[in-house]
Each structure stands twice: as C-alpha cells, then as structure tokens.
Amino acid sequence: MPLKTRSEPIFFVDAMLGNIARKLRLLGYDSQYFSDIDDEKLINIARKEKRIIISKDEELIKKAKKLDMKSIYIKKEDEIEEFLEIINSINLKRIKINGNVARCTKCNSLTESVDKEIIKERITNGVLKSNEKFWICKHCNQIYWEGTHIKNLQEFVDKINERLQ
Ligand SMILES: [Zn+2]
C-alpha cells in the first residue's frame, strides 16, 4: 500500500477562499475550511493544529503574525495567481495530481479507492461506463471518480507548473 498522507504543510483556508480549499484538498493537502467562521476561532484551531493560515483578510493575517503563526496573505484575484502565491510561499517545486492521496473536497478527510461494483447503485450509468477508478471518502461517503478528481484539475495544474519552471 502506498503511503497516503503527505508530509507537507497543512493549512487553514479562510472563508473567502473556498475554491482554493477545494483544489488543495484534491491535490492531497490537508486543508481545514469553514464557509463561516470568526477570526478568533480560526486562529485558535490553526494554532492548536499548527496549520498555515491562508487568507485575503489583512486584519486576520496581522493577528496571526502577532502570534508568531505562519500565514500566507493572498493579494491576487485570479485563481492561478492566488495558487502561485501559496506555492511560492511554501517552496513547492511542482504540483502533481494523484487520486490516491486526494482528500474529500467536502470534509477534508482521506479518500480510499473503492471497487466500482460496491458503489454502482449510487452513481449514474454514464459515469459508471466512462470511469474505471473510483474513490470514496472514509468520513462522509462522498464518491469521486477521475472526471471529478483528476481531469477537471489537470488543466489548472498544468498552468501552474508552466509558471513554476
Ligand atoms: Zn468527505
């Protein structure tokens, strides 16, 4: 069995950056995210779990800095630019998609590969026919397949990697 967790930074993504949280999770990065959370609570959790705060909120970033916590201040608007700000601040060389390390976009838990026979009742025939690999979230039972997991993300990742070279 391949090792499923990455020994890479873990994040707390601020409420305004849901798309970033989703992408980080699909790429296998443990990324806490709540669509609605106050600064104090966010800081407490991030501090306890040693998560790097990712935010567009300058006030929150200032608070984190005061407490000597790691944070990434996102200033750009475009998603690719935002992602590059994150990658550059943690010195990642290259990002790679790997369905086997992806986390659930809904709850941030690990997913595991699942035989299509087991989950066939829960997905449409079209999806069943056009996909061989499926994953299931161990926590919320959400099902993923390559169409959602990988293909949609590939173009985005390619654009990022072009910029990293
Ligand atoms: Zn889940």
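No donor-acceptor distance shorter than 3.5 angstrom exists from the side chain of Asn131 to the backbone of Lys133, with no hydrogens or angles considered. Checking side-chain atoms of Glu85 against main-chain N and O of Lys75 turns up a donor-acceptor pair under 3.5 Å. Distance alone, capped at 3.5 Å, places no donor-acceptor pair between the Gln142 side chain and the Cys104 backbone. Judged by distance alone, with hydrogens and angles left aside, the side-chain atoms of Thr111 form a donor-acceptor pair with the main-chain N or O of Ala102 at under 3.5 Å. In this structure, the side chain of Lys116 does not engage the main chain of Phe134 through any donor-acceptor pair within 3.5 Å. For Arg25 (side chain) and Thr105 (main-chain N/O), a donor-acceptor pair under 3.5 Å exists by modelled atom type.
With sequence neighbours excluded, no residue forms a ring pair (Phe, Tyr, Trp, His ring centres under 6.0 Å) with Tyr73. Under the side-chain contact (heavy atoms from CB on, under 4.5 Å) criterion, Ile118 pairs with Val114, Asp115, not counting sequence neighbours.
Using a 4.5 Å cut-off on side-chain heavy atoms (C-beta onward), Glu112 and Ile136 make contact. Residues Tyr33 and Ile20 have side chains not in contact (no heavy-atom distance under 4.5 Å, counting atoms from C-beta outward). At least one side-chain heavy atom of Phe83 sits under 4.5 Å from a side-chain heavy atom of Leu27. Here the side chains of Ile72 and Ile61 are not in contact, with every heavy-atom distance at 4.5 Å or above. Using a 4.5 Å cut-off on side-chain heavy atoms (C-beta onward), Ile97 and Leu26 make no contact. Between Tyr29 and Val13 there is no side-chain heavy-atom pair separated by less than 4.5 Å.
Interatomic distance, CD of Gln32 versus CD1 of Ile45, reported as 6.5 Å (0.5 Å rounding). Residue Glu82 holds its CD atom at 10.5 Å from CD1 of Ile80, rounded to the nearest 0.5 Å. From Ile95, atom CD1 reaches atom CG of Leu164 across 7.0 Å, with rounding to the nearest 0.5 Å. Summarising the geometry, atom NZ belonging to Lys129 is positioned 12.0 Å from atom CD1 belonging to Ile123; distances are rounded to the nearest 0.5 Å. To the nearest 0.5 Å, atoms CG (Leu60) and CD1 (Ile54) are separated by 11.5 Å. Rounded to the nearest 0.5 Å, atoms CG (Leu17) and CD (Glu79) are 9.5 Å apart.
Shortest non-hydrogen contact noted between Asp36 and Ala15 is N-CB, 4.5 Å. Minimum heavy-atom separation, Trp145 to Ile143: CZ3-O, 3.9 Å. When all heavy atoms are compared, the tightest approach of Ser113 to Asn100 is CB-OD1, 4.5 Å. Listed here is the closest heavy atom pair of Ala46 and Met69: CB-CE, 3.8 Å. When all heavy atoms of Lys106 and Cys140 are compared, the closest pair comes out as CB-SG, 4.4 Å.
One finds a salt bridge joining Glu81 and Arg163 here, because a Lys/Arg side-chain nitrogen approaches an Asp/Glu carboxylate oxygen to under 4.0 Å. A salt bridge between Lys65 and Glu58 is absent, with no side-chain N of the basic residue lying under 4.0 Å from a carboxylate O of the acidic one. At a threshold of 4.0 Å, the pair Glu162-Lys159 does not count as salt-bridged, since none of the basic side-chain nitrogens sits closer than that to a carboxylate oxygen.
Annotation: cation-pi pair Lys23/Phe156 present, NZ/CZ under 6.0 Å from the ring centroid and within 45° of its normal.
Each of Phe12 and Met16 belongs to its own hydrophobic cluster when Ile, Leu, Val, Met, Phe, Trp and Tyr are linked at side-chain heavy-atom distances under 4.5 angstrom. Hydrophobic clustering (side-chain heavy atoms under 4.5 Å, transitive across Ile, Leu, Val, Met, Phe, Trp, Tyr) keeps Ile10 apart from Ile53. Clustering ILVMFWY residues whenever any of their side-chain heavy atoms sit less than 4.5 angstrom apart, transitively, puts Leu24 in the very cluster that holds Ile90.
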Notebook entry, point to check: Could you walk me through whether Trp135 and Glu146 pass the side-chain contact (heavy atoms from CB on, under 4.5 Å) check?
Noted result: CA-CA 9 Å; Trp135 294 268; Glu146 284 197 303; 4.0 Å; yes
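Here side-chain hydrogen bond (donor to acceptor under 3.5 Å, both in side chains) pairs that include residues 37-55, with residues two or more places apart or in two chains, are Asp14-Ser55, Asp30-Arg51, Asp39-Lys63, Glu49-Arg51.
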